Amino acid sequence: MKQSTRNLWLQTITGIMILILMMWQMRQPRIQELDSGYRITMGTFARVLVVASDKKTAEQCVKAAFETFDRVNAMMSDYDPNSLLSEVNRRAFAEPVKVDAALFEVLTAAVKYSRLSDGAFDITVGPVVQLWRKANQTGIAPEPQALTQAHQKVGYRHLLLDEDNQTVRFAVEGMLLDLGGIAKGYAIDKAIEVMRQQGALGGMVDIGGDLACFDRPVGGQPHWYIGLQDPDEEQRYLLRLKLNNHAAATSGDYRRFAVINDLKYSHIVNPASTQAADSLSSVTIIAPSAIQADALATAVSVLGPEKGMALIESIDQTVALLILSARPIKLQKTTGAANFIAD
Ligand code: ADP
Ligand code: MG
C-alpha cells in the first residue's frame with residue numbers, strides 16, 4: 001500500500017473512532033448539579049444540593065424541597081398564630097383536635113423520643129421555653145415562681161394522642177407544644193422523600209445546620225462531606241465527617257443563647273428542672289433519619305455527657321460527637337463515630 005493510501009485509511013479509522021466515542025458520550029446521561037444557595041425558611045437558613053440527570057429535574061427538586069419546608073413551617077410553627085400547631089395549643093385542653101396526618105406523625109415521633117430519653121426530649125416543654133424566650137428578649141431571668149407554675153404544665157404523658165381518630169388532647173390546662181427540636185428534622189426527611197420521587201440521583205438538604213444526604217454525592221466524590229463546626233469560632237471546623245445515606249443534627253448552646261445576669265442560657269431547656277441545658281457545648285448526632293438525629297441531639301443536650309453517651313450507644317446505627325462545656329475543647333464520641341470521620 002502506498003504511503004498516502006495508508007494515511008487516508010488511518011485518518012478514516014481515527015475519524016470513525018472519534019465519532020463512535022462522541023456518540024457513546026452523548027448517550028451517557030449528563031450529570032447536573034444544582035445548589036439552591038441559602039434561603040430563609042423555618043426561622044433559619046436552608047440549602048438544597050441536587051444531583052440529577054437533567055437541569056429540569058434538578059430545578060424541580062429544589063422547588064419541591066422548599067415547598068416542603070414552607071408547608072411544614074406553616075403547619076408546625078409555634079411562632080405563627082395561624083399554624084395548625086397554634087390551633088392545637090389553643091383548643092386541645094377543651095376538646096380533642098383533629099390534625100393533619102403529617103402533624104400526627106411528628107407528635108407520635110416526639111412521644112417516642114420522650115420515652116426513649118426518659119423525658120429529656122419533651123415537646124410539652126412549651127410553657128417553660130416561653131418564659132426563657134421572654135427572658136432572652138428582656139434580659140431579666142424568669143421568676144422562680146413562674147418557672148414552677150410552668151413546670152406543672154409540662155409532661156409528655158399529659159399529651160393524649162388518639163391514633164384511630166387522629167386527634168390530640170391535653171390532659172392539663174395551659175399546655176403548649178413546641179416542635180422546635182424536631183420539626184426541622186421532619187422537614188428534611190420529607191424534602192429528601194420528594195426529591196427522590198422527582199427523580200434526583202442524589203442530594204443534600206440542610207436546614208440551619210441540621211442535614212441529611214442521599215445517594216450520589218456532588219463532584220463525583222465517594223461521600224458527602226460536612227464540617228463539624230468549632231463552637232467557639234463560626235468559620236472554623238474541628239473535623240470533616242463523611243456521610244452517605246445519613247442525617248446529622250447539631251444542638252448547642254453556642255448558636256442561640258441569651259446572656260442574663262452574665263450567665264449564658266441555652267435555648268434548650270431541661271424539662272425536669274426548667275433550667276437551661278448547659279453541660280454540653282455542642283452535640284452532633286448522626287442517624288439514619290433527620291427526625292431521629294434532630295430529636296436525639298436535643299435530648300443529649302439535656303441528658304449531659306454520661307447519660308447522653310449511654311443513650312446513643314444503646315441505639316442502633318446512631319452515633320454521637322459531643323463537645324463538652326469545659327475549655328480547652330474536648331471531643332467525646334460514641335463507639336461507631338470513628339467510621340464517619342474523614343480526617
Ligand atoms: P436548634 O433549633 O438550634 O437546631 P434543637 O434542635 O436542639 O436546636 O431545638 C431547640 C428547640 O427545641 C428550642 O428552641 C425549643 O423550641 C425546643 N426545646 C427546648 N428544650 C427542649 C426539650 N427539652 N425537648 C424538646 N424540645 C425542646
Ligand atoms: Mg433538635
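All values reported here derive from a predicted model rather than from experimental measurement. Note that ligands are numbered from 1 as they come in the structure, with each ligand's atoms numbered from 1 the same way. Numbering of residues begins at 1 and proceeds along the displayed sequence. Only this structure's heavy atoms are used, side chains among them; waters, hydrogens and symmetry mates stay out.
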Trainee: Hey, could you give me each pair passing ring pair (Phe, Tyr, Trp, His ring centres under 6.0 Å) that has a residue in residues 284-332? Not counting sequence neighbours.
Mentor: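 Residue pairs with at least one partner in residues 284-332: there are none.
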Trainee: Checking the N or O distance criterion of under 3.5 Å, is ligand 1 in contact with Pro271?
Mentor: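 So ligand 1 has no N or O lying under 3.5 Å from an N or O of Pro271.
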Trainee: Ignoring hydrogens, just give me the one of Ala299, Gly181, Ser301 whose non-hydrogen atom is nearest atom 12 (O) of ligand 1.
Mentor: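 Comparing heavy atoms across Ala299, Gly181, Ser301, the nearest one to atom 12 (O) of ligand 1 lies in Gly181.
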Trainee: May I ask you to list the atoms of ligand 1 that are less than 4.0 angstrom from any heavy atom of Ala120?
Mentor: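 Within the 4.0 Å cut-off of Ala120, ligand 1 contributes 22 (C), 23 (N), 24 (N).
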Trainee: Tell me, which pairs form a ring pair (Phe, Tyr, Trp, His ring centres under 6.0 Å) where one or both residues lie in residues 311-343, sequence neighbours left out?
Mentor: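 Passing the test, one end in residues 311-343: His246-Phe340.
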Trainee: Is the closest N or O pair between Asn270 and ligand 1 shorter than 3.5 Å?
Mentor: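 There is no such contact.
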Trainee: Do Arg39 and Phe66 form a cation-pi contact, if we require the NZ or CZ to be under 6.0 Å from the six-membered ring centre and within 45 degrees of the ring's axis?
Mentor: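 Geometry flag: set, cation within 6.0 Å and 45°.
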Trainee: Name the option, out of His267, Lys184, Gln130, that contains the heavy atom nearest to atom 4 (O) of ligand 1.
Mentor: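 Shortest heavy-atom distance from atom 4 (O) of ligand 1: Lys184.
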Trainee: Looking only at side chains, do Ser83 and Ser86 share a donor and an acceptor under 3.5 Å apart?
Mentor: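 Distance-only check passes for Ser83 and Ser86.
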Trainee: Taking only Lys NZ, Arg NE, NH1 and NH2, and the carboxylate oxygens of Asp or Glu, determine whether Arg47 and Asp35 approach each other closer than 4.0 Å.
Mentor: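 Salt bridge: yes.
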Trainee: Could you list which atoms of ligand 1 come closer than 4.0 Å to a heavy atom of Ser251?
Mentor: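 Ligand 1 atoms under the 4.0 Å threshold to Ser251: 5 (P), 6 (O), 7 (O), 8 (O).
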Trainee: For ligand 1 and Ile268, I'd like to know whether there is a polar contact (N/O to N/O, distance under 3.5 Å).
Mentor: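 Looking only at distances, the answer is no, because the N/O contact criterion of under 3.5 Å is not met.
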Trainee: Does even one non-hydrogen atom of Ala110 get within less than 4.0 Å of ligand 1?
Mentor: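 So Ala110 does not count as touching ligand 1.
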Trainee: With backbone taken as N, CA, C and O and side chain as the heavy atoms from C-beta onward, which portion of Val302 lies under 4.0 Å from ligand 1: side chain, backbone, both, or neither?
Mentor: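 Under 4.0 Å from ligand 1, Val302 contributes side-chain atoms alone.
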Trainee: Taking 4.0 angstrom as the limit and counting only heavy atoms of Phe121, give me the atoms of ligand 1 inside it, by number and element.
Mentor: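 Answer, ordered by atom number: 24 (N), 25 (C).
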Trainee: Is there a path from Leu176 to Val99 through hydrophobic residues (I, L, V, M, F, W, Y) whose side chains come within less than 4.5 Å of each other?
Mentor: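 No: no chain of side-chain contacts under 4.5 Å links Leu176 to Val99.
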Trainee: Treat each ILVMFWY residue as a node, draw an edge where side-chain heavy atoms are under 4.5 Å apart, and state whether Ile329 and Leu228 are in one component.
Mentor: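 Ile329 clusters together with Leu228.
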Trainee: Quick one: which ligand 1 atoms are inside 4.0 Å of a heavy atom on Asp294?
Mentor: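 Every atom of ligand 1 under 4.0 Å from some heavy atom of Asp294: 6 (O).
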Trainee: Classify the side-chain pair Arg157/Thr124 by whether it contains a donor and acceptor separated by less than 3.5 Å.
Mentor: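 No - no donor-acceptor pair under 3.5 Å links their side chains.
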